[in-house]
Amino acid sequence: MTKYRTKLLFALISLLIIGLIGLEILLGQLFKGYYLDTYNERLDKESNLLSLHIENNGGVNSFNQQNIIDLSNILNVRLAITDTKGKILFDSGETSPSNINGIREIINEVLKEKQQNKTKLVEREEYDLHYAWKPILQANENEGYLFIFTKTSELKQAYGQIWWILSTCLLMVFIIFIYLGYRITARYTKPIEAATNVAIELAKGNYRARIENDQLTETSMLSTSINVLAQNLQEMSKAQEIQQDRLSALIENMGAGLLLMDSRGFVNLINRGFIDIFHVNSTNYLNKLYYEVIEQEEICNIIADVFRTEQKIRKHLLLPLGIERRYFDVYGIPIIGINNVWKGVLLVFHDITEIKKLEVMRKDFVANVSHELKTPVTSIKGFSETLLDGAMNNQDTLEAFLSIINKESERMQSLIQDLLDFSRIEQQEFKLNIQDVDLCELINEVITMLTKKAESKEIHLELECQKEDLYIQGDHDRLKQVFINLISNAILYTPPGGYIKVSLFDHERTVKIHVKDSGVGIKQEEIPRIFERFYRVDRARSRDSGGTGLGLAIVKHLVEAHHGNISVKSTLGEGSEFIIELYKYMK
């Protein structure tokens, strides 16, 4: 803005200089012309008076050189009298060759051309002369000519004084005008500068900027208007920020996943719910096409259907996420603006996994439990009836049947115990008995307990621990139950002659336990379901082996109760590896 003031002042100065120079030239020429006319009029009057004096005193013949010199001294001019032929009879001036030659040339020109002008200024390289002439008459006959010559230095000196006075006056006027122009431009540009600076701040988003204007000036209306505008923008900005905060809080904490795409299919928004559900990074999603970043084909199909039909779509999806499958109630909503302008698509994900699990649990619990109890109960009932019918009299048959009845009773007891354990774990009142636990020692105890069972199948059971004392905070009995279930499952699903390796790895804040076997392995599509209640990879095999289908579900709940994580790597026919990550210190 200072640039603007400088430009304005420079323009005013330029106009002022041009005007003053033009005024000076005009006034100079006027004064010069006026002075020259006055000077010529004086010479003309003097020549008339002298010629009249000469004529009244007897003409040219009555004068002598001394008379001419006296008159020249009185009038402070140079006088010359010639005859009718132009011959100089008397001359009161200097006798230098240049002046004499100049006078003679002028006299010859006057007599030759019979000039009408009685006064004339002659400026040449050799000489400068200002003269007036008058014929001298005697008895109405031309007796000669009178010439009056003056120095041009007087005119030049007069001209110089005129220009100096004009220049001095105009310079003073110029200085005064510069001062006044600076004051005026400062007065009228400062409010504009202040308004411009505030406008720039408003454009940057600083709505607290104001113009300080205490005086009532011509620009006060502009300042007031900008201040009112700034205040309105500030209030609107505050209202928008409040509204934006409310909307952001609602979107981020609504408990559902949101995915917003524009009309071209580029992802514009994902909320915290979506990130928590799918465990993704927002930077990998935003401003990218949805089918390039979304791995689930079912979700891409819903988005494509909304784009194609421009109608609301609602579907239930079952998606594998990590080691589990989750149910979602998905709403696909087209966003259409004013005048049917297509804005994009909004997807809302409601996680209904727990609801579905409860529904499935209600339906399957009785069926699973009754199915699991039906076999041992039927066996016990059948063999006991057979014994009562007389088979108990045969000692070998009696022992075999009683052994089967005992085995089925143990199976029923194991199932009931697992159901009770699982029920207690899922209760809200369930609490862990936190203490310092040496994991190496605990797993060593579990291996000692299960060594005989592994040896019966000729399975090599190995423990690898980086250091002997590896302590974490946890519930000793519950962690022991976790590893018993995992290693027992590994023994159960590993064919004879295989191996099971338990490895402990110490990290800075966590401990990882790897239980790897060379068993039958698990299909990739079944991995998300192995932690469900009563789910078996091989139902016939697990039932024959006495499995209840609750072991891994109990393991998962106990690991999560310790704020840990469990994951699975498996290849069908090559074996499986369960990885448990526990924190050294409970959060």
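Keep in mind that the numbers below use all heavy atoms, side chains included, and drop hydrogens, waters and symmetry copies.
In this structure, the ring of Tyr331 has its center no less than 6.0 angstrom from the ring center of Phe349. Centroid-to-centroid, the aromatic rings of His563 and Tyr583 stay 6.0 Å apart or farther. Checked against the 6.0 Å centroid threshold, Tyr285 and Phe274 count as a close aromatic pair.
Residues Ile459 and Thr494 approach most closely at CD1-O, 3.5 Å, considering heavy atoms.
Rounding to the nearest 0.5 Å places CG of Leu439 at 9.5 Å from NE2 of His476. Taking CG from Leu346 and CG from Leu269, the interatomic distance works out to 8.5 Å, rounded to the nearest 0.5 Å. Considering CD1 of Ile472 and OH of Tyr585, their distance stands at 11.0 Å, rounded to 0.5 Å. Atom CD1 in Ile242 sits 13.5 Å away from atom CG in Leu247 (nearest 0.5 Å).
Using cut-offs of 30° and 60° for the angle between ring planes, the Phe307 and Tyr290 rings count as parallel.
Not one N or O on the side chain of Ser576 forms a donor-acceptor pair closer than 3.5 Å with the backbone of Ser570. Formation of a donor-acceptor pair under 3.5 Å by the Glu252 side chain with backbone atoms of Arg272 is found in this model. In this structure, the side chain of His562 engages the main chain of Asp475 through a donor-acceptor pair within 3.5 Å. When atom types are taken as modelled, the side chain of Asp329 and the backbone of His316 share no donor-acceptor pair closer than 3.5 angstrom. Distance alone, capped at 3.5 Å, is enough to place a donor-acceptor pair between the Ser456 side chain and the Lys453 backbone. Although no hydrogens or angles enter the test, the distance criterion places a donor-acceptor pair under 3.5 Å between the side chain of Asn232 and the main chain of Val228. With hydrogens and angles disregarded, a donor-acceptor distance shorter than 3.5 Å links the side chain of Lys457 to the backbone of Ile491. Proximity of a side-chain donor or acceptor of Ser237 to a complementary backbone N or O of Leu233 within less than 3.5 Å is not detected. Listed for the Asp517 side chain is no donor-acceptor partner under 3.5 Å among the backbone atoms of Tyr499.
Contact annotation: the side chain of Ile302 approaches that of Lys315 to within less than 4.5 Å [non-hydrogen atoms, C-beta and beyond]. Two residues are said to be in side-chain contact when any heavy atoms from C-beta on lie closer than 4.5 Å; Glu581 and Val511 fail this criterion. Annotation: side chain of Tyr327 is not in contact with side chain of Asp351 (no heavy-atom distance under 4.5 Å). Under the 4.5 Å side-chain criterion, counting only non-hydrogen atoms from C-beta, Glu445 is in contact with Lys480.
The environment of Gln435 atom CD is dense: over 12 non-hydrogen atoms of other residues, nucleotides or ligands sit within 6.0 angstrom. Annotation: Met254, atom CE; neighbour count of heavy atoms from other residues, nucleotides and ligands within 6.0 Å is above 12.
A salt bridge links Asp506 with Lys584: the closest approach of a Lys/Arg side-chain nitrogen to an acidic carboxylate oxygen falls below 4.0 angstrom.
Test Ile484, Leu486, Asn485 against Ser488 for side-chain contact (heavy atoms from CB on, under 4.5 Å) and you get one pass: Ile484.
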